[in-house]
Structure formats: C-alpha cells, structure tokens
Novice: 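This is the structure I have questions about; it appears just below.
Remember, it's 1-based here, ligands and their atoms both numbered in the order they're listed.
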Amino acid sequence: MQNPDKFTKEKNLTPIILAMKDLKELYEAVITGDAVTARSITEEALSGETDPLSLVSEHLTPAMDEIGRRFEASECFVPELLLSARAMKGAMELIQPRLLESGVELLGRVIVATVKGDLHDIGKNLVAAVLEGGGFEVIDMGVNVEPEKIVETIKEKDVQIVVLSALLTTTMPAMKTSIEAIEAAGVRDKVTILVGGAPVTQRFADEIGADGYSDSAVGAVAVARKAVGA
Ligand code: B12
C-alpha cells in the first residue's frame, strides 16, 4: 500500500485533512468548555473556505447534543454544561455575522422566543442564528416570554412567523397558551407558528394547533421557508 503521507502530499490533500482535524478539535473544545480554543478554531475556519452553517450543524450542535447526553447520564454536571454553552456561544458570535452575510434577500420577519417558565436558550439561539443565515429578519425575544408579549410584538412589528421553543415538559403547555393568546387577539391568521425543542414532537405540534415543527435548527429554516413560499 502507498505511504499515506506521501499520497496526501502528492494529491495536495494536506490542508483538507488538517481542516478536518481542526474541526474535530472544535467539537472537543465545546465538549470540554474551552471557549478560547473554540473561538480561535472558528475564527480560523471562517477565514478559509469553511461553510459557516456546516460549523453549526456538523460540529457545534453535535457537541451540545453530546454534552446534553452526558448530563442526562450524570457523566457531567451543571458547571460543565454551562462552560460548554459559553464555548458554543463564543463560536456563534463569530459565525452569526457570516450567516447573515450569506443570506440572500429577507424572506420575512420572525419572532423567536423560549416560552414562559423556560430559561433554556441554546437551541433557541441556534434556531435564531440559522434563520438569520437563511434570509429571515429575526426578533429574538429571549427566554421566559409571556404570551401577551408575543401578541404585542406580532401586532407592532408586522411579524409573519412565530418560533416557539421549549425544553421542559412542564413548559410545553405554555406553547398552547401562547397560541391561544395569539388566537384570542385576532392575529392568528397573520402568522405561521412553528414549535420545537427537545421534548416537542410533530404529534404535540398538531395537537396544539401549531403550523410546523422540526427537530433541528436547520430543519426550522426549511419549515419557515415553506411557510413563506420560498
Ligand atoms: C443546557 C441545559 C440546561 C442549562 C440551560 C442553559 C441555557 N442557557 O440554555 C441550565 C443548567 C440553566 C438548565 C436548567 C434547567 N434544566 Co436543563 N438541560 C440542559 C440540557 C443538558 C441541554 C439543553 C440544550 O441546550 N440542548 C442543546 C440544544 C441545541 O438542543 P435543543 O434546545 O433541543 O434545540 C435543538 C432542537 O430541539 C431545535 N429547536 C429548538 N427550539 C426550536 C424551535 C423550533 C420552532 C424548531 C423548529 C426547532 C427548535 O433546534 C435546536 C438545534 O438543533 C438538557 C438535556 C438535553 N439533553 O436536552 C437539560 C434539560 C432540558 N433540563 C432539564 C431540567 C429539569 C432543568 C431544570 C429544571 C433543572 C433544575 N432542577 O433546576 C432547570 C430549568 C430552568 C428553567 N426554568 O428553564 C431536563 C428537562 C426534563 C423534562 N422532562 O422537562 C433536561 C431534559 C435534563 C434532564 N434529563 O433532566 N438546563
């Protein structure tokens, strides 16, 4: 068999292999909560040919999924989790403007909110970033958002899509309450409502009268684009 190093050199594959190695390190940096390394690898990747969206979907999100799995298995605890979230956030701060730049034309205005009672925002932030990259104007309302605030913003800002996120089974009913408040305010026909977050399913989305669901941030863009006919 040919010497792999020689083969790599001859075919000029070194940069690709190095890039893959570095990006594996990005995954590791988020897992270990090493914000400095996560940021510097992201910076380097963005200065090359790397697609910003692939950094999110192939490295950062899988890393958060893995740390989430470890947390559930009691293999790590809240401090580790928060360090990972911070490392991911630092990388996202660099990626977000690039996602924005790559967006073509504005497809519509979207509200993104974690529902009342729920403070989880990592998934919601990812969805917001990827929607922005996908060509939407995003109004991020933050976490623990009251249904009345959502209604107010729909009315004031001429919003077309409402994205609701929940991570707790105990806050999933707040998605239904939010939809009911939108209905009661007479603005239900104005907006497409998408729901998501780890415990949410298509079945639940149908039950509460949401218009769309996806289990991923990238999927959220596809559903949102379909909603505006793009
Ligand atoms: C990180 C985390 C925390 C962090 C949150 C930090 C932050 N800034 O968000 C901290 C430590 C603060 C926390 C607190 C709590 N947490 Co917590 N947390 C998690 C953990 C480990 C990961 C969540 C996460 O960020 N995942 C990564 C992101 C990227 O995934 P995601 O949010 O699902 O989003 C993806 C998709 O779902 C989708 N998506 C998300 N939103 C939307 C919306 C739309 C419209 C669409 C289309 C798609 C979409 O896109 C994203 C990217 O692909 C989960 C366990 C797990 N494995 O999920 C527990 C978990 C959610 N937490 C849990 C609990 C119980 C709590 C606490 C009550 C703990 C406590 N006793 O205090 C508190 C609640 C605080 C509150 N009121 O909200 C439980 C919930 C159990 C349940 N049945 O409800 C879990 C499942 C852990 C467990 N197994 O016990 N938590």
Side-chain angles (χ1 to χ4, degrees), residues 27 30-31 33 35 53-92 95 99 108 110-134 136 138-146 150 159-176 178-179 182 191-202 204-206 208-227:
Y27 173 90
V30 173
I31 297 264
L53 195 55
S54 75
L55 285 177
V56 179
S57 61
E58 290 167 28
H59 305 282
L60 297 174
T61 305
M64 277 317 296
D65 285 348
E66 172 58 15
I67 197 78
R69 187 202 63 73
R70 289 184 194 180
F71 181 72
E72 275 184 63
S74 300
E75 289 168 19
C76 77
F77 300 95
V78 172
E80 285 97 332
L81 208 58
L82 291 177
L83 286 174
S84 291
R86 196 189 59 167
M88 167 134 184
K89 193 161 177 251
M92 283 307 296
I95 294 171
L99 287 174
V110 186
I111 285 178
V112 178
T114 301
V115 293
K116 188 178 173 189
D118 201 320
L119 302 176
H120 295 83
D121 70 354
I122 298 168
K124 184 263 300 166
N125 293 348
L126 267 175
V127 173
V130 177
L131 278 171
E132 276 188 339
F136 290 89
V138 173
I139 301 171
D140 187 344
M141 299 191 66
V143 297
N144 188 23
V145 182
E146 303 270 350
I150 295 173
V159 167
Q160 285 90 47
I161 299 179
V162 176
V163 163
L164 300 176
S165 184
L167 262 287
L168 298 170
T169 46
T170 50
T171 58
M172 285 166 69
M175 291 181 147
K176 186 165 187 275
S178 300
I179 295 177
I182 293 168
V191 289
T192 297
I193 303 176
L194 312 181
V195 291
V200 179
T201 59
Q202 180 66 60
F204 177 76
D206 295 340
I208 62 169
D211 301 306
Y213 158 80
S214 166
D215 65 358
S216 74
V218 175
V221 179
V223 184
R225 281 179 167 255
K226 202 168 156 212

Novice: Does ligand 1 have an atom under 4.0 Å from some heavy atom of Gly117?
Specialist: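 Checking ligand 1 against Gly117, which is what was asked, there is a heavy-atom contact under 4.0 Å.
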Novice: Would you confirm whether Asp211, through its side chain, and Ile193, through its main-chain N or O, come within 3.5 Å as a donor-acceptor pair?
Specialist: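 Confirmed, Asp211 side chain pairs with Ile193 backbone.
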Novice: Can you sort out which atoms of ligand 1 are near Leu194, meaning under 4.0 Å from one of its heavy atoms?
Specialist: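 This gives 45 (C) as the contact atoms.
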Novice: Right, does atom 10 (C) of ligand 1 have protein non-hydrogen atoms nearer than 4.0 Å?
Specialist: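 Neighbour list for atom 10 (C) of ligand 1 is empty of protein heavy atoms (cut-off 4.0 Å).
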Novice: Of all heavy-atom pairs between Gly197 and Ser165, which one has the smallest distance, and what is that distance?
Specialist: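 That closest heavy-atom pairing would be CA-OG, 4.4 Å.
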Novice: Is there a heavy atom of Pro199 sitting under 4.0 angstrom from any atom of ligand 1?
Specialist: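 It does not; every heavy atom stays at 4.0 Å or beyond.
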Novice: If you count the atoms of ligand 1 from 1 in the order shown, which ones are under 4.0 Å from a heavy atom of Ser214?
Specialist: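 Contacts of ligand 1 toward Ser214, numbered from 1: 46 (C), 47 (C), 48 (C).
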Novice: Tell me, which protein residue and heavy-atom name are nearest atom 22 (C) of ligand 1, and how many Å apart are they?
Specialist: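 The closest heavy atom on the protein side is Gly68 CA, 4.5 Å.
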Novice: For Lys124 versus Ala113, what's the shortest heavy-atom pair and its separation?
Specialist: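 Nearest heavy atoms, Lys124 then Ala113: CG-C, 4.1 Å.
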Novice: For atom 29 (C) of ligand 1, what is the nearest protein heavy atom, given as residue, atom name and distance?
Specialist: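 Result: Leu126 CD1, 3.6 Å.
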Novice: Got a donor-acceptor contact below 3.5 angstrom from the Asn144 side chain to the Gly117 backbone?
Specialist: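 Side chain of Asn144 to backbone of Gly117: a pair is present.
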Novice: Polar contacts were defined as any N/O atom of the residue lying under 3.5 Å from an N/O atom of the ligand; does this apply to Leu119 and ligand 1?
Specialist: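 There is such a contact, yes.
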Novice: Suppose I only count heavy atoms of Ala198 and a 4.0 Å limit; which atoms of ligand 1 are within that range?
Specialist: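 Answer, ordered by atom number: 33 (O), 37 (O).
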Novice: Please state which protein non-hydrogen atom is closest to atom 52 (C) of ligand 1 and give its distance, to 0.1 Å?
Specialist: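 Its nearest protein heavy-atom neighbour is Ala217 N, 3.6 Å.
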Novice: Please list the nearest protein heavy atom to atom 59 (C) of ligand 1 with its residue and the distance rounded to 0.1 Å.
Specialist: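 Ranking protein heavy atoms by distance from atom 59 (C) of ligand 1, first comes His120 NE2, 4.1 Å.
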Novice: Do protein heavy atoms approach atom 86 (C) of ligand 1 to less than 4.0 Å?
Specialist: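 No, no protein heavy atom sits under 4.0 Å from atom 86 (C) of ligand 1.
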Novice: Identify the protein heavy atom lying closest to atom 79 (C) of ligand 1, giving its residue, its atom name and the separation to 0.1 Å.
Specialist: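 So the nearest neighbour among protein heavy atoms is Leu168 CD2, 4.2 Å.
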Novice: Ignoring hydrogens, tell whether any protein atom lies closer than 4.0 Å to atom 54 (C) of ligand 1; use the non-hydrogen atoms only.
Specialist: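 No, there is none.
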Novice: Closest non-hydrogen protein atom to atom 20 (C) of ligand 1, residue and atom name please, with distance?
Specialist: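 Answer for atom 20 (C) of ligand 1: Leu81 CD2, 4.5 Å.
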Novice: Given side chains that start at C-beta, do those of Met175 and Val200 come closer than 4.5 Å, heavy atoms only?
Specialist: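 The answer is yes; the side chains approach within 4.5 Å.
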Novice: Any protein heavy atom at under 4.0 Å, with atom 24 (C) of ligand 1 as the reference point?
Specialist: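 No; the ligand atom in question lacks any protein heavy-atom contact below 4.0 Å.
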Novice: What I want to know is whether Lys124 and ligand 1 share at least one N or O pair that is separated by under 3.5 angstrom.
Specialist: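 For ligand 1, there is no N or O atom that lies under 3.5 Å from one belonging to Lys124.
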Novice: Do protein heavy atoms approach atom 71 (N) of ligand 1 to less than 4.0 Å?
Specialist: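 Protein heavy atoms within 4.0 Å of atom 71 (N) of ligand 1 - there are none.
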Novice: With a 4.0 Å cut-off on heavy atoms, does Val195 reach ligand 1?
Specialist: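 So Val195 counts as touching ligand 1.
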Novice: Where the side chain of Thr171 meets the backbone of Ala174, is there a donor-acceptor pair that is under 3.5 Å apart?
Specialist: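 Looks like no, no N/O pair under 3.5 Å.
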Novice: In terms of residue, atom name and distance, what is the protein heavy atom nearest to atom 57 (N) of ligand 1?
Specialist: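 Its nearest protein heavy-atom neighbour is Glu72 OE2, 2.8 Å.
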Novice: Any non-hydrogen protein atom below 4.0 Å of atom 82 (C) of ligand 1?
Specialist: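 Looking at atom 82 (C) of ligand 1, one finds that a protein heavy atom does lie closer than 4.0 Å.
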Novice: At a non-hydrogen distance cut-off of under 4.0 Å, which region of Val143 contacts ligand 1 (side chain, backbone, both, or neither)?
Specialist: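 It is neither; nothing of Val143 touches ligand 1.
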Novice: Looking at Met64, Glu80, Arg70, which one forms a side-chain contact (heavy atoms from CB on, under 4.5 Å) with Ile31?
Specialist: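 The single option meeting the side-chain contact (heavy atoms from CB on, under 4.5 Å) with Ile31 is Arg70.
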Novice: Run down the list Gly123, Ser74, Ala73 and name the one with the heavy atom closest to atom 34 (O) of ligand 1.
Specialist: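 Among Gly123, Ser74, Ala73, the closest heavy atom to atom 34 (O) of ligand 1 belongs to Gly123.
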Novice: Is the backbone of Val30 close enough, under 3.5 Å, to the side chain of Ser84 for a donor and an acceptor to pair up by distance?
Specialist: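 Yes, the answer is positive, given that a donor and an acceptor are paired below the 3.5 Å cut-off.
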Novice: I'd like the name of whichever of Gly219, Pro62, Gly212, Gly196 reaches closest to atom 43 (C) of ligand 1 through any heavy atom.
Specialist: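 Ranked by closest heavy atom to atom 43 (C) of ligand 1, first place is Gly196.
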Novice: Given side chains that start at C-beta, do those of Leu164 and Ile150 come closer than 4.5 Å, heavy atoms only?
Specialist: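 A side-chain contact under 4.5 Å exists here.
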Novice: If you round to the nearest 0.5 Å, how far is CZ of Phe204 from OG1 of Thr169?
Specialist: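 Atom-to-atom, Thr169:OG1 and Phe204:CZ are 10.0 Å apart.
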Novice: Verify the contact flag for atom 77 (N) of ligand 1, where contact means a protein heavy atom under 4.0 Å away.
Specialist: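 Protein heavy atom within 4.0 Å of atom 77 (N) of ligand 1: present.
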Novice: Does atom 36 (C) of ligand 1 have a protein heavy-atom neighbour under 4.0 Å away?
Specialist: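 It does; a protein heavy atom is within 4.0 Å.
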Novice: Once you round to the nearest 0.5 Å, how far does CG of Asn125 lie from OG1 of Thr114?
Specialist: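 Between atom CG of Asn125 and atom OG1 of Thr114 there are 7.5 Å.
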Novice: Evaluate Thr169 for polar contact with ligand 1, using N/O atom pairs at a separation under 3.5 Å.
Specialist: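 Thr169 vs ligand 1: N/O contact under 3.5 Å present.
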Novice: Considering non-hydrogen atoms of the protein only, which is the closest contact for atom 7 (C) of ligand 1, and what is the distance?
Specialist: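 Here the nearest protein heavy atom works out to Asp121 OD1, 3.3 Å.
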Novice: Number the atoms of ligand 1 from 1 as they appear, then name those within less than 4.0 Å of a heavy atom of Asp118, with their elements.
Specialist: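 Reading through ligand 1 atom by atom, the close ones are 78 (O).
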Novice: With a 4.5 Å cut-off on side-chain heavy atoms, are Met88 and Ile67 touching?
Specialist: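 Heavy-atom side-chain distance check fails, nothing below 4.5 Å.
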Novice: If we set the cut-off at 4.0 Å for heavy atoms, which region of Asp215 has an atom near ligand 1: side chain, backbone, both, or neither?
Specialist: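 Within the 4.0 Å criterion, Asp215 contacts ligand 1 through backbone atoms alone.
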